[in-house]
**Student:** 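For reference, the structure I am asking about is given below.
Order of the sequence lines sets the chain letters (A, B, ...), proteins ahead of strands, with each chain counted from 1. Values below: all heavy atoms of this structure, side chains included; hydrogens, waters and symmetry mates excluded.
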Amino acid sequence: MVKLFNTLTRSKEPVEGSSLRIYSCGPTVYNYAHIGNFRSYLFADVLNRTLKLAGYQVEHAMNLTDVDDKTINGAIELTKKEPGKYADLKSALAAYTAPYTEAFFADLKTLNVIKFDHHPRATDYIPAMLDLVERLIQNGVAYEQDGSVYYRIGEKKDYGKLSRVDLEKNKTGTRYNTDEYDKDDVRDFVLWKAESKDGVHWHSAHGDGRPGWHLECSAMIHEIFKGGIDIHTGGVDLIFPHHENEIAQSEAGYGAEFVKHWVHCEHLLVDNRKMSKSAGNFYTLRDLLQQGKRPEVIRYFLLSAHYSQKVNFTAEALHQAEAGVEKFYSLWQRLTRVKKNSAQADAEFAKTSAEARAKFTAELCDDLNTPRALAVVHEYIRAANAFADARQDVVAEADADEMMQTLRHFDKVLGLLDLIPKTGVSGDLQALLDERNAARAAKDFKRADELRDQLLKAGYKILDTKTGSHLEKV
RNA sequence: GGUGUCGUAGCCAAGUGGUAAGGCAGAGCUCUGCAAAAGCUCCAUCGCCGGUUCAAAUCCGGCCGACACCUCCA
């Protein structure tokens, strides 16, 4: 049974049921996603993987926001750059968002995020959104004003239950700019925005317009899951107003319970500061890869802190993550080359392994405690290395299997083994290694050390073991 | 102004009433021709002050210090 902290109740609650419907807020495809975004998507991945490891059936959707102010501005820029190329602004919008959508999927793959079942795009769900708008008007909680439709917050008695924002108090001392709005109440939020024929627009009973930001998630959840969902995830910044508004419109429009479990992931800081373009500490995944950072290291780094805590992205932290990944890989590679015999399995070690697997799962089931899960992994790595040390790298096949099976079990959530760098050792390198070992056997240590340095420069370090020498990528 | 989060060793980071997980870095040792890798050993009383309790990092109050949301934002 997995337990998750529920933002709605501010307490850890069990996830009931065996078949779960999950919706995670995904990217707005107006740019390449940054490392902070990926924390959130990786969090969704860890949730997904953990639930499956714990035996749940999972149907998981992550949306793509492809129509909003930012994407529309991008589309307008496109048409300015290449006048006449696009039939209308809507097709320019599609052209503008396509490469970022593609990049997003590529980036998820780079980080070894398991594919989600659905990736609904807002523009594919306009009818569903308009349907929700009509329901809200019929139910008396939304009203039209100059071609736009607004949600009347005053009608929702428990508005604010998720974020615990008290709009009555917030009304004064506020940053709302009243002049910009034609709404009955400044706090009301827009469901449907009137838009001229020149803008990105769809036809509706209220004239031409386009959806407000909050609308898509409610409509898509309703369409895809035909009802409420079990878990909804997103970054903490979405709690208010986005998720609060989603709750309001979904509950008022569809009636039934909307979301059982709200789970939010904290922000990532870079060098202890909020990441922002103006501060010059804004990194996309692509930027980092270009700097030579490895995806598996980024993945490990993001797992090393609990999702509910801020995590600080620094060069030092990344270095520490790299060391952790190396330890994991290095044991895996050791196991692939260990000499095997047909001796009986070591019962005590089998027990250690089984306990480690169980503990790993248990830690994750406890509100996705990845730091504790990693602690279990490290303890196991130590035990396994000690086991192999004691047997001078000659172990029973059954024991080797046990160890690999355990690492694979960890990897069902860690997702690191798929990203292991290919260690194809060329014949040239192998020849150098052989020559070095021959020199060493002949006690020509000067020559042996020269060759070792040469290999290191080529990017390989030598591991001398009882069963022979091996090269491992640095 | 409102709401909320956080402050644990040089660094990263768990633990939320029973006497401080794990990792990185560092030191010593084993192994090694020397190294590397691996293993073993060592390395903190939890921002400050007060309170509750047999017992507090963990609960309560105050203070100090970071930060987030309230506006597009993962």
**Student:** Quick check for you: to the nearest 0.5 Å, what is the distance between A:Glu450 atom CD and A:Glu435 atom CD?
**Tutor:**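 Interatomic distance, A:Glu450 CD to A:Glu435 CD, rounded to 0.5 Å: 10.0 Å.
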
**Student:** Should the pair A:Arg391-A:Asp346 be classified as a salt bridge under the 4.0 Å nitrogen-to-oxygen rule?
**Tutor:**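 A salt bridge links A:Arg391 with A:Asp346.
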
**Student:** With sequence neighbours excluded, what pairs up with A:Asp158 under the side chain to side chain contact (heavy atoms under 4.5 Å, CB included) test?
**Tutor:** A:Lys156, A:Lys161, A:Glu251

**Student:** Rounded to the nearest angstrom, tell me the gap between atom NE2 in A:His470 and atom C1' in B:A35.
**Tutor:** 17 Å

**Student:** Donor-acceptor pair under 3.5 Å: do we get one between A:Arg452's side chain and the base of B:A35?
**Tutor:** yes

**Student:** In whole angstrom, what separates A:Leu302's CG from B:A74's C1'?
**Tutor:**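 Result: 12 Å.
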
**Student:** What string of B, S and - do you get for nucleotides 12-24 of chain B, 5' to 3', if B is base contact, S is sugar-phosphate-only contact and - is no contact with any protein heavy atom under 4.0 Å?
**Tutor:** SSBS-----BSBB

**Student:** Nearest whole Å is fine: how far is B:U32 P from A:Lys461 NZ?
**Tutor:**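 A:Lys461 atom NZ is separated from B:U32 atom P by 20 Å.
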
**Student:** Figure out the CG/C1' separation between A:Asp237 and B:C72, and round it to whole Å.
**Tutor:**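 My rounded result for the distance is 10 Å.
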
**Student:** Fit a plane to each ring of A:Phe349 and A:Tyr380, take the angle between them on a 0 to 90° scale, and name the class: parallel (under 30°), tilted (30 to 60°) or perpendicular (over 60°).
**Tutor:** tilted

**Student:** Remember a base hit wins even if backbone is also touched, and classify A:Leu268 as base, sugar-phosphate or nothing at under 4.0 Å, heavy atoms.
**Tutor:** base

**Student:** B:A38 P sits how many Å from A:Leu463 CG, rounded?
**Tutor:**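 Computing the A:Leu463:CG to B:A38:P distance gives 9 Å.
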
**Student:** Which nucleotide sits closest to the side chain of A:Lys70: B:C72, B:C34, B:C70?
**Tutor:** B:C72

**Student:** Can you tell me the distance, in whole Å, between the CH2 atom of A:Trp213 and the P atom of B:C73?
**Tutor:** 3 Å

**Student:** Taking only residues two or more places apart in sequence, or in another chain, which ones meet A:Lys340 in a side chain to side chain contact (heavy atoms under 4.5 Å, CB included)?
**Tutor:**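 Partners of A:Lys340 by the side chain to side chain contact (heavy atoms under 4.5 Å, CB included) criterion, ordered by chain and then number, come out as A:Val338, A:Glu397, A:Ala400.
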
**Student:** If I take atom CD1 from residue A:Ile298 and atom CG from residue A:Leu289, how far apart are they, to the nearest 0.5 angstrom?
**Tutor:**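 It is 5.5 Å, given to the nearest 0.5 Å.
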
**Student:** On the side chain of A:Asp464, is there an atom forming a donor-acceptor pair with the base of B:A35 - under 3.5 Å, no angle test?
**Tutor:**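 Checked by distance alone, the answer is yes.
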
**Student:** Would you mind classifying the nucleic acid contact of A:Asp69 as base, sugar-phosphate or nothing, using non-hydrogen atoms under 4.0 angstrom?
**Tutor:**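 Nothing, no nucleic acid heavy atom in range.
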
**Student:** Could you tell me how far apart A:Asp389 (CG) and B:U32 (P) are, to the nearest whole angstrom?
**Tutor:**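 After rounding, the gap between these two atoms is 13 Å.
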
**Student:** Checking contacts here: which listed nucleotide (B:G39, B:A74, B:U32) is nearest the side-chain heavy atoms of A:Ala386?
**Tutor:** B:G39

**Student:** How is A:Leu238 classified with respect to the nucleic acid when contacts are heavy atoms under 4.0 Å: base, sugar-phosphate, or nothing?
**Tutor:** sugar-phosphate

**Student:** Using the test side chain to side chain contact (heavy atoms under 4.5 Å, CB included), find all partners of A:Glu155 that sit at least two apart in sequence or belong to another chain.
**Tutor:** A:Val141, A:Arg152

**Student:** Considering heavy-atom distances to RNA chain B, does A:Arg39 or A:Ile381 have its closest nucleotide positioned more toward the 5' end?
**Tutor:** A:Ile381

**Student:** Relative to each other, are the rings of A:Tyr159 and A:Phe240 parallel, tilted or perpendicular (30° and 60° limits)?
**Tutor:**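 Plane angle over 60°, so perpendicular.
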
**Student:** Looking at residues at least two apart in the chain, or sitting in another chain, which of them share a side chain to side chain contact (heavy atoms under 4.5 Å, CB included) with A:Phe282?
**Tutor:** A:His34, A:Met275, A:Lys277, A:Thr284

**Student:** Angle between ring planes, A:Phe38 versus A:Tyr41, binned at 30° and 60°: parallel, tilted or perpendicular?
**Tutor:**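 Ring orientation of A:Phe38 relative to A:Tyr41: perpendicular.
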
**Student:** Could you write out RNA chain B as a dot-bracket string, with dots for unpaired bases, | for bases paired across to another strand, and Watson-Crick or G-U pairs counted at under 3.5 Å?
**Tutor:** ((((((((.[[[..)..(...]]].(((((.......)))))....[[[[[..)....]]]]])))))))....

**Student:** Roughly how many Å apart are B:C42 and B:G51, using the P atom of each and rounding to a whole number?
**Tutor:**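 Comparing P positions in B:G51 and B:C42 gives a spacing of 36 Å.
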
**Student:** Once you round it to whole Å, what is the distance between P of B:U3 and NE2 of A:His264?
**Tutor:**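 About 20 Å, once rounded to whole Å.
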
